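First the structure, in the form of structure tokens, and then the observations on it.
Naming: A, B, ... by sequence-line order, numbering from 1 per chain. Just so it is clear, the model here is predicted, and its values are computed rather than measured.
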Number of protein chains: 2
Amino acid sequence: MKDNNHNHDHTCLVTVPIFNHLELEELNQITDLIRSKKYSKGELIFSHGQKSDTLYIIRKGQIKTYYLSENSKEHILRILTPGEFIGELSLFLNETNNAYAEAMTDCEICTIKKDDISKLMEVYPNIALKIINELSSRLKNVEKQVSWIATEQVEVRIALYLLEQVSPTQIEKIVHLNMTKKDWASYLGTTPESLSRKLGLLEDKNLIRQIDNQHILISDYKGLEDFSNQV
Amino acid sequence: MKDNNHNHDHTCLVTVPIFNHLELEELNQITDLIRSKKYSKGELIFSHGQKSDTLYIIRKGQIKTYYLSENSKEHILRILTPGEFIGELSLFLNETNNAYAEAMTDCEICTIKKDDISKLMEVYPNIALKIINELSSRLKNVEKQVSWIATEQVEVRIALYLLEQVSPTQIEKIVHLNMTKKDWASYLGTTPESLSRKLGLLEDKNLIRQIDNQHILISDYKGLEDFSNQV
DNA sequence: CGACGCTTTGACTATACTCAACCCGTGTGG
DNA sequence: CCACACGGGTTGAGTATAGTCAAAGCGTCG
């Protein structure tokens, strides 16, 4: 690839939680194992059924992973931002990926081969720990996602999602959506039409205000909490 | 506890994927770190919000983990059988559990303290690898579960679940449910009533036959596949 | 400027949920 | 040993939520 990266540029590594505890000398050794690759918006990084032996770490940009159902409806699993990785399934389980990964913006992605990461984990046991942390965290998130979709109705899911994006102490409670409403609807397990309508209802109740397509103001935090607890 | 286990009984360990690659001498050292505890049917092993520093490994019996939604509807996340573990959230992330774990049958469960497992991982790096494998596998499963619930309608979810439980080469395609239909409905993100009705419809189409409450025969595998692909 | 994709709104419909009653099997206690 | 209670499972009727399809507005990018 034209943009291989062999000049000991650590910007890829130090921003990655998996590696950010390592010393400079250690980073130098690792850098040689890593390739950097650019993807443009809309490009697929891997697709369903593909068996890859590579771990992908986001360096710049944003990507989404999604499932494609039998009747080809896509369901967004998660949005990844710099520092996060994908590809752990084929990497650690030796199974095929069952999801798709697509660049939402132009991206720069570091790749490491399965064999190399195995070697690294032997030398630096902390890397394994970091990976375990990351996987645990993702597990927690998906479990929450599935339980919301399974038990709550759409309007409540929206409320819960918004509440989660801000801290109770935050003064200006503005949620910045890092995806389109179409993707958001998919993530919440609903349709764009329903999402649009339910957002309207929450606005009518004076709980939120839609600033633009990417920003939503929680105008009544307490009220939104009450709503999500009693419906 | 009256049933602590300090007599170098390895039956707990060798059946556990995390440890089954270790040598006998190594097992001896580890056994001392492990407590065995009995739970009776219906007992809670941990509950939402609880911060535990313990990893629980199922030795005998079966347990289920579930979420409780705001309006107190439970959603089954997974059924655990011997060899599997829970508690990794508070263990590796130092966060509170957000799920409940309950014994479905009388159980025997091995517990290891957070600090001890950390030490073990330093000495035996393979343990970390096994944990990564297990977490990856669970991640894959939950991601599939959430995508099914988000995109497929109930009848298709049932079909997909059944298809997944048997191998295409198996002659007698009988699915043994290791849970009640009530729990199954919850796992599939629906209600017992809907599950009952949809199972009836699948039976009317001659795709399956309900033998009893725990056993379902797939009488037309190909037909069931076609059904799940085109609805 | 035009095309494309996202978003919204409207009208209609269908899926699946709720509530209620009833059936059944199991386990407990008299 | 029988009676009963309990929880799981099924069936029925009615309804509500949210999905579908269609059209039109809007914003962005080439």
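For the residue pair A:Y39/A:D106, the side-chain donor-acceptor check at 3.5 Å is not satisfied. No hydrogens or angles considered: a donor-acceptor pair under 3.5 Å links the side chains of A:Q210 and A:K181.
Between the C1' atom of C:dA14 and the CG atom of B:L201 lies a distance of 14 Å, rounded to the nearest Å.
Legend: residues meeting salt bridge (Lys or Arg N to Asp or Glu O under 4.0 Å) with B:K73, ordered by chain and number and at least two apart, are absent.
Around the NZ atom of A:K205, the shell of radius 6.0 Å holds more than 12 heavy atoms that belong to other residues, nucleotides or ligands. Counting heavy-atom neighbours within 6.0 Å of B:K144 NZ, excluding the residue itself, gives a total above 12.
Side-chain contact between B:L163 and B:L224 is present, with heavy atoms from C-beta onward closer than 4.5 Å.
Between the axis at the start and the axis at the end of the helix from C:dC1-D:dG30 to C:dG30-D:dC1 there is an angle of 40°, using five pairs per end and rounding to 10 degrees.
Here the two rings, on A:Y161 and A:W148, have centers that are 6.0 Å apart or farther.
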Exercise for review: Could you run through nucleotides 9-19 of chain D and give me one letter per nucleotide, 5' to 3': B if any protein heavy atom sits under 4.0 Å from the base, S if only the sugar-phosphate is that close, - if neither?
Suggested key: SSBBB----SB
Check your understanding: Would A:R78 and B:E143 satisfy salt bridge (Lys or Arg N to Asp or Glu O under 4.0 Å), going step by step from the backbone distance to the final call?
Key -> CA-CA 10 Å; A:R78 54 194 289 258; B:E143 287 183 350; 5.9 Å; no
